[in-house]
Amino acid sequence: LRQQRMGTYGVRAAWRRLPQ
Amino acid sequence: PKTFTVRIVTMDAEMEFNCEMKWKGKDLFDLVCRTLGLRETWFFGLQYTIKDTVAWLKMDKKVLDHDVSKEEPVTFHFLAKFYPENAEEELVQEITQHLFFLQVKKQILDEKIYCPPEASVLLASYAVQAKYGDYDPSVHKRGFLAQEELLPKRVINLYQMTPEMWEERITAWYAEHRGRARDEAEMEYLKIAQDLEMYGVNYFAIRNKKGTELLLGVDALGLHIYDPENRLTPKISFPWNEIRNISYSDKEFTIKPLDKKIDVFKFNSSKLRVNKLILQLCIGNHDLFMRRRKADSLEVQQMKAQARE
């Protein structure tokens, strides 16, 4: 398997997705 | 179905299971949690080591697709991967508290977490209360702690004290904890330990763009940059709510702050594998950070109600 060489995580976006 | 043998090592037990070839990480992890009677599963993971780097079993990936040694029994350590911000509020079940207590105690004794001498003695006294129950001079005679590992070696070496003198010091505190049940003593231990600077921090050796060696710390509250000589106090901190985005590309890792006036922080870690682990730890820690700031899930509400009963 070819290794995934990139990764990203939207910290702010995760907050926004959070149901209030 | 075809199976293979896995050995699971927890802080106080070893177990063997027959794992089906097609099982995903989650299948094995759930089986272990069920066997332990553990419900606060979100703090834990199954750890293995690959080429001196720590790695954690991925829930959605087949156990055998991980880069583990295929020699049976395939061994994993069941350990806390994430730490609560406040042990007393967040750790509900006794088994969860106990596993945290054992893991943190080991880190302190192994000097993975720096603990000053006074606090070390106090912690030792709670560990003794947890193990021996109330102090009774007719039972706990001189030398009763002789075989116990209770203090970090660094602390012992700091003073010209005999083992008997240490025992006396620890016992003086131990006698004060009368009436504390095992779970209470262990929680008192965690409440002191969680205030130690290095508690719950995952450190990684990194280099900034100028090539300067630094340490990155990932914990429940955010990301921290340290001078390698001082793991206690970060030079810079990025709390979760001040970060817009984090990403990696090969060995490079980028932290983008929310405030556009603050510089983007880029660094290199030793391996792509390490960057993957850093990102995984960030996502998991941030997820818990957000959940704490929402109302408790129904499951946690039920557990807390049960614990109160």
Side-chain angles (χ1 to χ4, degrees), chain A, chain B residues 50-51 53 55 58 60-62 64-67 218 221-223 238-260 262 264-266 269 271-295 297:
Chain A
L1 266 170
R2 230 184 92 244
Q3 280 218 34
Q4 187 84 39
R5 309 195 79 85
M6 280 156 76
T8 183
Y9 175 62
V11 182
R12 182 67 186 165
W15 260 120
R16 290 224 184 91
R17 277 198 305 273
L18 199 71
Q20 288 307 308
Chain B
I50 174 79
K51 293 174 199 143
T53 312
K58 289 209 174 83
D60 51 1
K61 184 171 165 177
K62 275 188 185 175
L64 285 180
D65 285 348
H66 290 76
D67 201 356
V218 186
L221 297 175
L223 295 170
F238 299 95
W240 292 126
N241 52 7
E242 292 175 21
I243 301 174
R244 180 182 304 276
N245 184 277
I246 46 179
S247 59
Y248 67 84
S249 175
D250 263 305
K251 291 180 187 171
E252 187 183 79
F253 201 100
T254 305
I255 304 172
K256 233 179 238 168
L258 207 53
D259 186 343
K260 296 210 164 91
I262 300 174
V264 168
F265 189 81
K266 281 180 192 275
S269 54
K271 291 173 193 155
L272 170 62
R273 188 191 292 285
V274 173
N275 274 345
K276 290 183 170 192
L277 174 59
I278 294 170
L279 193 76
Q280 223 188 80
L281 290 171
C282 286
I283 294 171
N285 272 300
H286 183 245
D287 187 55
L288 289 173
F289 180 87
M290 291 190 300
R291 285 212 250 165
R292 281 179 199 112
R293 283 153 183 81
K294 291 201 305 189
S297 72

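Order of the sequence lines fixes the chain letters, A, B, ..., with proteins taken first and strands second; residue numbering starts at 1 for each chain.
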Please table the atom pairs, donor to acceptor, closer than 3.5 Å between any side-chain atom in residues 7-14 of chain A and protein atoms at least two apart or in another chain.
from   : atom 1 : to       : atom 2 : distance (Å)
A:Thr8 : OG1    : B:Asn245 : OD1    : 3.4
A:Thr8 : OG1    : B:Asn245 : ND2    : 3.4
A:Thr8 : OG1    : B:Ile246 : O      : 3.4
A:Tyr9 : OH     : B:His286 : ND1    : 2.6

Quick one: which of B:Leu279, B:Asp287, B:Asn275 has the most heavy-atom pairs under 4.5 Å with chain A, could you say? B:Leu279
For B:Ile283, which atoms come within 4.5 Å of any heavy atom of chain A: side chain, backbone, both, or neither?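 Contact with chain A involves both backbone and side-chain atoms of B:Ile283.
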Any residue meeting salt bridge (Lys or Arg N to Asp or Glu O under 4.0 Å) with B:Asp60, in chain and number order, not counting sequence neighbours: none
For B:Arg292, which residues count as a salt bridge (Lys or Arg N to Asp or Glu O under 4.0 Å) partner, sequence neighbours excluded? B:Glu85, B:Glu90
Heavy-atom contacts under 4.5 Å, residues 248-257 of chain B to chain A: B:Tyr248, B:Ser249, B:Asp250
In Å and rounded to the nearest 0.5 Å, what is the CE to NZ distance from A:Met6 to B:Lys276?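 A:Met6 CE to B:Lys276 NZ: 12.5 Å, rounded to 0.5 Å.
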